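Note that this is a predicted model, so its numbers are computed, not measured. All chains are named by letter (A, B, ...) in the order of the sequence lines, taking the proteins before the strands, and each is independently numbered beginning at 1.
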Number of protein chains: 2
Amino acid sequence: MSLDHALLVSLLEKPSSGYALARRFDRSIGHFWQATHQQIYRVLARMEEAGWVKGRLKAGDAAPDRREFTVTALGRREMSRWLGEPTEPQGYRDALMVKLRGAAFDEPVRLLGEVERRRAMHAERLAQYRAIEARDFSGPLDRQRALQYQVLKSGIRFEETWTEWCAETLGLLRDLERRDR
Amino acid sequence: MSLDHALLVSLLEKPSSGYALARRFDRSIGHFWQATHQQIYRVLARMEEAGWVKGRLKAGDAAPDRREFTVTALGRREMSRWLGEPTEPQGYRDALMVKLRGAAFDEPVRLLGEVERRRAMHAERLAQYRAIEARDFSGPLDRQRALQYQVLKSGIRFEETWTEWCAETLGLLRDLERRDR
DNA sequence: CGTTGCAATGCAACCCGTTGCATAGTAGGC
DNA sequence: GCCTACTATGCAACGGGTTGCATTGCAACG
């Protein structure tokens with residue numbers, strides 16, 4: 001919800017063009033949020049109309065012209081207002097949970113490959129996060145860095161949880177198979 | 001994604017009316033998935049047309065007439081087919097992360113109340129899950145029970161992770177405040 | 001020089017989820 | 001007997017996200 005404010009924060013951290021935002025969402029932030037360029041351009045247009053951001057044409061040195069967006073004073077005020085609002089937790093609906101329950105009406109062992117695949121994916125992400133942690137967040141951190149680190153830490157914790165849970169689930173599935181035979 | 005299959009599983013576990021499904025989604029499953037009755041009725045209509053489920057009118061004893069849906073053989077086959085498909089992990093985009101990064105451009109201390117509120121919410125959910133665990137999943141479990149328990153366990157793990165992370169975040173925010181003064 | 005590829009922006013259409021509203025019947029409170 | 005509340009179903013409209021396609025400009029490859 002509210003891609004608007006996610007973009008606002010992203011632009012506060014670094015003024016960018018719509019394209020650059022889309023690319024960045026594929027990387028750092030995008031691990032836990034995905035947005036296509038379409039959404040981004042539309043949201044940017046909406047925010048510009050509302051006066052939260054302002055786009056300036058930067059004639060391309062090499063690439064075609066791009067519109068670089070910066071956050072206005074009004075945008076900052078909106079940001080601040082939004083910070084004060086309460087936010088509800090997002091239910092983490094993952095199809096894997098549904099499949100697990102569904103597997104009771106099929107052969108649970110069929111999920112083995114899938115769960116192992118997922119375990120590997122989460123383990124790999126975890127490794128990526130740890131690499132970022134070591135590279136960018138060792139040593140003393142200023143305020144902004146410290147807060148960014150805390151967000152990264154949530155990613156680390158969740159990927160840890162995922163990998164552990166997947167491993168446990170693999171054990172259960174093998175157990176159920178043994179029981180059936 | 002694919003509320004269709006979530007409903008299919010729910011109906012396999014227990015044939016129900018649209019209304020009952022909506023209620024159940026508020027409880028057990030709904031902790032990590034929320035669906036309004038609107039969606040549910042529309043999806044049910046779609047699935048009935050596809051022949052995955054069949055609705056039978058049960059003249060109400062007390063309440064008004066309700067249409068109880070059961071899964072057809074075709075629906076079971078679809079379920080089984082879907083189980084074989086790979087599922088991508090759902091990025092857990094939570095506004096709280098965005099706010100934390102945004103707080104770098106405001107007063108981080110303003111988030112204290114919000115994070116504490118969230119910590120309490122997750123702690124409470126955790127307690128609920130643990131209560132369900134003790135009530136419904138102690139002692140030996142059949143296949144279906146065991147799989148349901150594994151889903152519940154993910155809820156427990158994630159809520160644990162959340163509460164711990166929130167507590168850590170509270171520490172950081174207080175730390176940043178001390179630094180500023 | 002033409003083709004391929006990528007940076008950068010955008011339109012249009014569709015689907016899904018959300019919100020607000022409507023209805024109809026039954027049960028219980030005052 | 002009326003009002004409120006709850007069960008049960010549904011329509012309509014809006015907004016956000018997704019997908020597919022289109023365009024312009026530069027750069028590099030053969």
- prompt: E177(A): what forms a side-chain contact (heavy atoms from CB on, under 4.5 Å) with it, not counting sequence neighbours?
  reply: V109(A)
Could you run down the sub-3.5 Å N/O contacts of the protein with nucleotides 9-13 of chain D?
unit_1, atom_1, unit_2, atom_2, d
dT9(D), OP1, R67(B), N, 2.7
dT9(D), OP2, G18(B), N, 3.4
dT9(D), OP2, Y19(B), N, 2.7
dT9(D), OP2, Y41(B), OH, 2.9
dT9(D), O5', Y41(B), OH, 3.2
dG10(D), N7, Q38(B), NE2, 3.2
dG10(D), O6, H37(B), NE2, 3.0
dG10(D), O6, Q38(B), NE2, 2.7
dC11(D), N4, Q38(B), OE1, 2.5
dC11(D), N4, Q38(B), NE2, 2.0

message: Whole angstroms only, please: what is the CD1-C1' distance between I40(B) and dG17(C)?
response: 12 Å
statement: Contacts of R178(B) meeting salt bridge (Lys or Arg N to Asp or Glu O under 4.0 Å) (sequence neighbours excluded), chain-then-number -> D175(B)
task: Whole angstrom is fine here: how far is it from CZ in R46(B) over to C1' in dG17(C)?
output: 11 Å
query: For R93(A) and dC16(C), what is the distance between atoms CZ and P respectively, to the nearest whole Å?
result: 12 Å
- line: For R81(A), the side-chain contact (heavy atoms from CB on, under 4.5 Å) test, sequence neighbours excluded, returns H5(A), E78(A), E85(A)
field: Length of the line joining R24(B):CZ and dA8(D):P, which is rounded to integer Å
entry: 13 Å
message: Using whole Å, what does the distance between atom C1' of nucleotide dT18(D) and atom CG of L3(A) come to?
response: 13 Å
field: Partners passing salt bridge (Lys or Arg N to Asp or Glu O under 4.0 Å) against R46(B) (at least two apart in sequence or in another chain)
entry: D4(B)
query: Should Q39(A) be listed as having a side-chain N or O under 4.0 Å from OP1 or OP2 of dG16(D)?
result: no
Opposite nucleotide pairing with dA5(D), Watson-Crick or G-U, both atom distances under 3.5 Å: dT26(C)
- request: Answer yes or no on whether R76(A) is positioned over the face of F105(B), meaning its NZ or CZ is under 6.0 Å from the six-membered ring centre and within 45° of the axis.
  value: no
message: E168(B): which residues meet the side-chain contact (heavy atoms from CB on, under 4.5 Å) condition with it, sequence neighbours left out?
response: Q150(A), K153(A), R157(A), W165(B)
